[in-house]
Structures are given as structure tokens and as C-alpha cells.
Student: 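Before anything else, here's the structure in question.
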Amino acid sequence: MIRWLVNIVFFTVLILAACALFFRSEIAKYRKAFLYAYGPYEFSRSIQELSAQVDSELRTFAAPVSVESNSSGPRAAFLNRQAHNIQLADHTQRTVTTPNNDTLYTSAVLELSSTPVELVLPDVGDRYLSVALMDVFTDQFAHIGPRETRGQGGVYWIVGPDDKTPTPEGVTAIRATGNDVWLLARTFVAGEADLSGARDAQQGITVRPVFPDRPAKPFANLVTEIEDSENFIAVTNEALARNSTHPQSLRAKQFEALGLGRDTAPGPFARFLWSLVTTRAEAAIKDEINRTLWKSTAWSIPPRNIGYYGEDDRLRAAIALIGFGALRREDAIYYRMTKTADGAALDGTKTYQMMIPPGVPEQAFWSIAVYEPDETGRFFFFENPTGRHSLNSKSDTLQFLDNGDLAISIGPTAPTDPDLNWMPTPDGPFAVFFRIYLPEEAAVRNDG
């Protein structure tokens, strides 16, 4: 009898251990699939909000905005047209993480399945103006800026991957990697006194469909929340289908058994496992960011493949969460700090000092900004007594030391020393981002 009980216990433990190993193995597969899918999902979520396909009180391009719309239906009102944000980003704008406060944004959500889209850029001379084109896998597949144009304007057609429309003489064609594209233009503003001139330059940016009588196609599956695993799969699968010729879309085949890249919904067991993964999905990405993608202390530098990720799904997911729309390193470098050199987390109740010597390796401008994290790990501006969210190298309010250094006090209260420049902090943890635009080659090659 005792031997029989022992055998039962032994085999029960053995079966439970085998089930645990199987379950762990299956969860690992779904986590891998999730990291692959998160980039297209977050792209879809962001452009649905930016183009008014879903309602959002926190839309980046809320009033005051100059928007043109086409007539292809209420949920396509903001497709294939520019939306100028004529105000600098502030704490109220929370659609896209880590916005800058030194450029006016112009956004356009493009849908290229039926028509090319024409982009017209003005001559801006020495003023920094750049346009980044990002596809469904959050890859920056094209960039137009001072490195390419030296401030000269031009006419461009953004063309879908299968479009055969001939390009007129004098127009530069840019072949997109998929039918869904986010266009984001940045027009530099030195400060409040420069805002009017920057707006004048910004108004010269226009986006229009080449064939306006061909309606753009909005998403059929609208994003709800990431914890809704069925919606997560439906949105991702539609994004993959809309951009089926993208090289990364073809990789979905390895996840077909889990429900990605196919027309039929996954079965009950697969839905259960997906629900376990998506419930703490963004928290898991945040943990991965803190563990492996950034240095634990002091300044971190983005990886070399930021903005063009290939099969690096882990980095793509991380940047989609905390830096959606980040430029490639040859166009801008975003240095980030959340901890001091001794490993202590930055604390908004304390005061820190930052020194910027002359000779920052940039060919356009540099900028410093302070952000607070939300519960998902995304970074946004916060309300502060100055109403200012950044300092840049061309601001006429900077105070320099006699040796040419710039001293910045980062803390909750204004410094009494008139030689110190002040960056306010939130009440709790925060992050400092130091950006250099059009970095010198040595900075691009430097991995810290």
C-alpha cells in the first residue's frame, strides 16, 4: 500500500513537472511571437490615433492644428494629408512618447495601396528641417533632411511597394516598404522669438494624394487595449496583411501555429496563452529595457541599429514602447540618463548639475529635455512652473560660464546662481535626454 502511494506521488510529481516544462516552453514561444508583433501593433495603435481612426483625448495633433482632410470617409479624414502642429510639444501631448520641444511637428499618416502621395518641402536655408518615413515595422526606411538637401526644397512622391505609376520629371520617387507609412517632419525652433519664422517654414510642407479620387483605406480592426489579446492579434494580422510584401512580414509564417499571419483566429488554448502574455506585456518590455538595452548608470547611447531593426524584435519592441519614431543614429543621437554614475535613480526632489562644454559634435543643434515616466515606462513632458520643457544650443536665453561651458541645474527649484540654467524636475523619478541632431561622423561611430 505504501509503495503504491509512493508511486502515485512520484508519477504525479513527474507529470506536473513535465506539464510545467511544457507550459514554460509554450509561453516562451508566445513571448517571442509577441516581441515580433509588438512593433506592428504599436505602429497601428499610434497611427490610428494620429489619423483620427480612433478617438483619443490625448491626440498629439489636437487643437490648435491646421489640418486638411479628404473625402474618403469619416475614419479616413486624416489620411494622406498633412497635420501641422503649430505649437511646441508640451505636457498635454501624450500620443507619441518622448516628444521633443525644439521642433514643430508635421505629421501625415499615409495609405499607399491606391495612390502615391506627394510631399512638397520648402527651401529653408540654414533652418533645420527633416522628414522621416517609418513603416509598419517601425523601420525608418527613408529620411530627407539637411544631410541630403542642404536646406533646399523639392517635390517627392512616396510610392507603394507595388505601385507602377510613372514619376514626372523633377519629382524624386521614394519607394515605401509597405502600404502604411508614418511621415513625421521636424522644423527647428530656437525659442519663442523664433516661433513665427518656424511656422512660416512649416506651412511650406504639404502632403496630398496624387490621385485624390482614389479613397484611402482605414483600418478595419481598431485598437482597444493591449490586454485584449484577441484585439492585439486581429490588429497585428491586419497590419501584416496590409503590408504583406514587407521583408519582416514574411517572418510571420514561423508564428502561424500561434495565430499570427493567418486569417483564422487561434484556438482556445492559444487564446489563453496569448492572454497571459499580453496582460503584462509592456511591463515585460520595460524590464527588458532596464536589464539589457541601456547601461545601468549614467548616459546610455542607442544601439547602432536603432531605427532600422532587421530581425532584432527585442530592440524594435523596446523603442516602440519608449521612443516611437526615433531617428537613426546618422540623423540624430538621443543620449538617455535615468541613474547617476553611482547607480542611484534620478529623483525629482533632489538637485543635479550638468556641464556641457563647447564643441558638442553636432552639425545642426543639440537639445536637453527632462521627462517623467508613466506606468507603462513611456516618457512624457510634465507640467512645470516655467512652462519650458527643453533647452537647445541656439536659444538666446542660455547663460554661459567664462570658460564657455554651459552649467545646467536640474532640480525642483530655481538656482540662485545667475550663471546656472534651470531645468525643472517632476516630483518623482525622471529621465534626461540629450539629443544631437545631424551628429558628426565620430559621434555616430562612438558606442560610448
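For the single chain, residues carry numbers from 1 onward in sequence order. All values below were derived from every heavy atom in this structure, side-chain atoms included, with hydrogens, water molecules and symmetry-related copies excluded.
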Student: Going by the rule side chain to side chain donor-acceptor pair (under 3.5 Å), which residues pair with Ser367 if we only count those two or more places apart in sequence or in a different chain?
Tutor: Asp102
Student: Do you know the tightest heavy-atom contact between Val223 and Ser44?
Tutor: CG2-C, 4.4 Å
Student: Quick one about Arg199 and Gln202 (side-chain donor to acceptor, distance below 3.5 Å, no hydrogens or angles considered), yes or no?
Tutor: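 On atom types as modelled, these side chains do not qualify, holding no pair under 3.5 Å.
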Student: Check the pair Asn80 / Val207 against side-chain contact (heavy atoms from CB on, under 4.5 Å), numbers first and verdict last.
Tutor: CA-CA 7 Å; Asn80 296 340; Val207 176; 5.5 Å; no
Student: Hey, which of Val120, Thr106, Val131 is the one that makes side chain to side chain contact (heavy atoms under 4.5 Å, CB included) with Ile205?
Tutor: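 When Val120, Thr106, Val131 are each tested with Ile205, the side chain to side chain contact (heavy atoms under 4.5 Å, CB included) holds only for Thr106.
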Student: Give every residue pair that meets the side chain to side chain donor-acceptor pair (under 3.5 Å) criterion with at least one member in residues 168-179, sequence neighbours excluded.
Tutor: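 Non-adjacent pairs meeting side chain to side chain donor-acceptor pair (under 3.5 Å): Asp135-Thr177.
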Student: Salt bridge or not between Asp194 and Lys394? Use side-chain N to carboxylate O under 4.0 Å.
Tutor: no
Student: For Tyr105 and Ala89, which heavy atoms make the closest approach, and how far apart are they?
Tutor: CE1-CB, 4.5 Å
Student: Report the relative orientation of the aromatic rings in Trp274 and Tyr30; use parallel for angles under 30°, tilted for 30 to 60°, perpendicular for over 60°.
Tutor: perpendicular
Student: Show me the pairs that pass ring pair (Phe, Tyr, Trp, His ring centres under 6.0 Å) and involve residues 144-175, at least two apart or across chains.
Tutor: none
Student: Considering residues at least two apart in sequence or located in another chain, which fulfil the side chain to side chain donor-acceptor pair (under 3.5 Å) criterion with Ser393?
Tutor: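 So Ser393 forms no side chain to side chain donor-acceptor pair (under 3.5 Å) with any residue.
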Student: Measure the shortest side-chain to side-chain distance between Glu111 and Arg242 over non-hydrogen atoms and say whether it is less than 4.5 angstrom.
Tutor: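 Sidechains of Arg242 and Glu111: in contact.
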Student: For the residue pair Arg316 and Phe137, would you count it as a cation-pi contact if the rule is NZ or CZ under 6.0 angstrom from the ring centre and within 45 degrees of the ring axis?
Tutor: no
Student: Under the salt bridge (Lys or Arg N to Asp or Glu O under 4.0 Å) definition, can you give me all pairs with a residue in residues 265-277, not counting sequence neighbours?
Tutor: Glu230-Arg271
Student: Please tell me if the side chains of Val136 and Gln248 come closer than 4.5 Å, counting only heavy atoms from C-beta onward.
Tutor: no
Student: Partners of Asp427 by side chain to side chain donor-acceptor pair (under 3.5 Å), sequence neighbours excluded?
Tutor: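 With sequence neighbours excluded, Asp427 shows a side chain to side chain donor-acceptor pair (under 3.5 Å) to no residue whatsoever.
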Student: Taking the side chain as C-beta and beyond, is there a heavy-atom pair between Gln254 and Tyr36 under 4.5 Å?
Tutor: no
Student: Taking the side chain as every heavy atom from C-beta outward, state whether Phe434 and Ile356 have any pair of such atoms under 4.5 Å apart.
Tutor: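 With C-beta onward as the side chain, the pair touches.
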Student: What heavy-atom pair brings Glu362 and Tyr437 nearest, and what distance separates the two atoms?
Tutor: CB-O, 3.7 Å
